[in-house]
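Input: a single structure, listed below in structure tokens.
Everything quoted here is computed from the prediction, not taken from an experiment.
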Amino acid sequence: IGDEITQLSNELEVFFEKNGNYSSNIKEVHIGLICVNKNFEEFFHPRGITYSETEQILETEAKLDFSICSLESKERIAKIKSTVCEALLTLTSYFDVNYEINVKEALV
């Protein structure tokens with residue numbers, strides 16, 4: 001799963017480089033992915049959106065269903081992309097540019 005997430009991260013980096021900055025107040029966007037066995041879910045809850053003004057970093061977390069570990073690579077990548085897309089869309093109100101449509105296209 002790590003290689004797939006790294007690949008997705010690289011794709012998103014290229015997308016944002018090509019389409020401009022997030023915002024004049026945001027240098028980086030971090031999306032943490034949580035994927036744990038159901039027995040441990042109660043200990044790991046996604047945190048909401050946070051913004052560090054000094055570092056200009058916007059962060060959020062999203063939860064992946066543990067069952068993706070047993071999926072074929074192509075289907076697993078699609079689920080991860082969908083989860084990341086949903087997380088990014090919750091952040092678009094913080095961006096200077098409306099990336100909503102472009103983000104969906106970048107992750108297809």
Side-chain angles (χ1 to χ4, degrees):
I1 292 178
D3 291 340
E4 294 156 342
I5 292 173
T6 300
Q7 176 187 343
L8 175 58
S9 178
N10 293 339
E11 288 174 25
L12 286 169
E13 189 173 339
V14 168
F15 166 79
F16 280 108
E17 285 175 0
K18 187 169 69 173
N19 290 285
N21 295 330
Y22 312 104
S23 165
S24 57
N25 299 336
I26 300 172
K27 289 185 180 177
E28 295 181 23
V29 172
H30 298 177
I31 298 174
L33 297 174
I34 298 171
C35 184
V36 296
N37 184 295
K38 288 189 184 283
N39 297 335
F40 299 100
E41 282 183 344
E42 66 181 284
F43 304 110
F44 298 94
H45 300 284
R47 290 178 283 164
I49 298 169
T50 59
Y51 175 68
S52 167
E53 215 170 303
T54 55
E55 296 174 338
Q56 295 183 313
I57 296 174
L58 185 63
E59 298 179 301
T60 192
E61 292 182 339
K63 184 177 174 211
L64 291 168
D65 191 289
F66 189 69
S67 66
I68 70 159
C69 295
S70 63
L71 298 175
E72 293 293 324
S73 180
K74 191 172 183 177
E75 192 176 355
R76 186 171 47 239
I77 290 170
K79 295 260 186 194
I80 294 169
K81 284 184 175 186
S82 174
T83 301
V84 169
C85 183
E86 288 175 26
L88 269 174
L89 292 176
T90 66
L91 302 176
T92 56
S93 63
Y94 293 87
F95 300 158
D96 290 341
V97 177
N98 184 355
Y99 286 115
E100 186 169 346
I101 294 169
N102 294 341
V103 166
K104 289 178 182 176
E105 290 173 4
L107 296 175
V108 172

Can you confirm whether [X] sits close enough to [Y] that some side-chain heavy atom of one is under 4.5 Å from a side-chain heavy atom of the other?
{"X": "Glu28", "Y": "Glu55", "answer": "no"}
{"X": "Leu64", "Y": "Lys79", "answer": "no"}
{"X": "Leu71", "Y": "Ser67", "answer": "no"}
{"X": "Tyr51", "Y": "Glu59", "answer": "no"}
{"X": "Val29", "Y": "Tyr94", "answer": "no"}

- Asn37 atom CG, over 12 foreign heavy atoms within 6.0 Å: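 Counting neighbours around CG of Asn37, more than 12 heavy atoms of other residues, nucleotides or ligands fall under 6.0 Å, so yes.
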
- Item | In one Ile/Leu/Val/Met/Phe/Trp/Tyr side-chain cluster, 4.5 Å: Phe66, Phe40 |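 No, separate clusters.
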
- With Glu61, which residues qualify under salt bridge (charged side-chain N to carboxylate O under 4.0 Å, His left out), at least two apart?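 Salt bridge (charged side-chain N to carboxylate O under 4.0 Å, His left out) list for Glu61, sorted by chain: Arg47.
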
- Set of residues satisfying salt bridge (charged side-chain N to carboxylate O under 4.0 Å, His left out) with respect to Glu4, sequence neighbours excluded: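 Applying salt bridge (charged side-chain N to carboxylate O under 4.0 Å, His left out) to Glu4 gives Arg76.
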
Nearest atoms (heavy-atom pairs only) where [X] meets [Y]:
{"X": "Cys35", "Y": "Asp65", "answer": "SG-O, 4.0 Å"}
{"X": "Gln56", "Y": "Ser24", "answer": "NE2-O, 3.9 Å"}
{"X": "Thr90", "Y": "Ile49", "answer": "O-CD1, 3.6 Å"}
{"X": "Ala62", "Y": "Ala87", "answer": "CB-CB, 4.1 Å"}
{"X": "Thr83", "Y": "Lys63", "answer": "CG2-O, 3.7 Å"}

- Does Thr6 reach the main-chain N or O of Gly2 with its side chain, forming a donor-acceptor pair under 3.5 Å?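 Such a contact is found between Thr6 side chain and Gly2 backbone.
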
Look up atom [atom1] in [X] and atom [atom2] in [Y], then write down how far apart they are to the nearest 0.5 Å.
{"X": "Thr60", "Y": "Leu33", "atom1": "OG1", "atom2": "CG", "answer": "10.0 Å"}
{"X": "Ile5", "Y": "Ile77", "atom1": "CD1", "atom2": "CD1", "answer": "10.0 Å"}
{"X": "Asn25", "Y": "Glu53", "atom1": "CG", "atom2": "CD", "answer": "8.0 Å"}
{"X": "Ile80", "Y": "Ser73", "atom1": "CD1", "atom2": "OG", "answer": "8.5 Å"}

- Query: Where do Leu12 and Val84 land on the side chain to side chain contact (heavy atoms under 4.5 Å, CB included) test, with the steps shown first?
  - Reply: CA-CA 10 Å; Leu12 286 169; Val84 169; 3.7 Å; yes

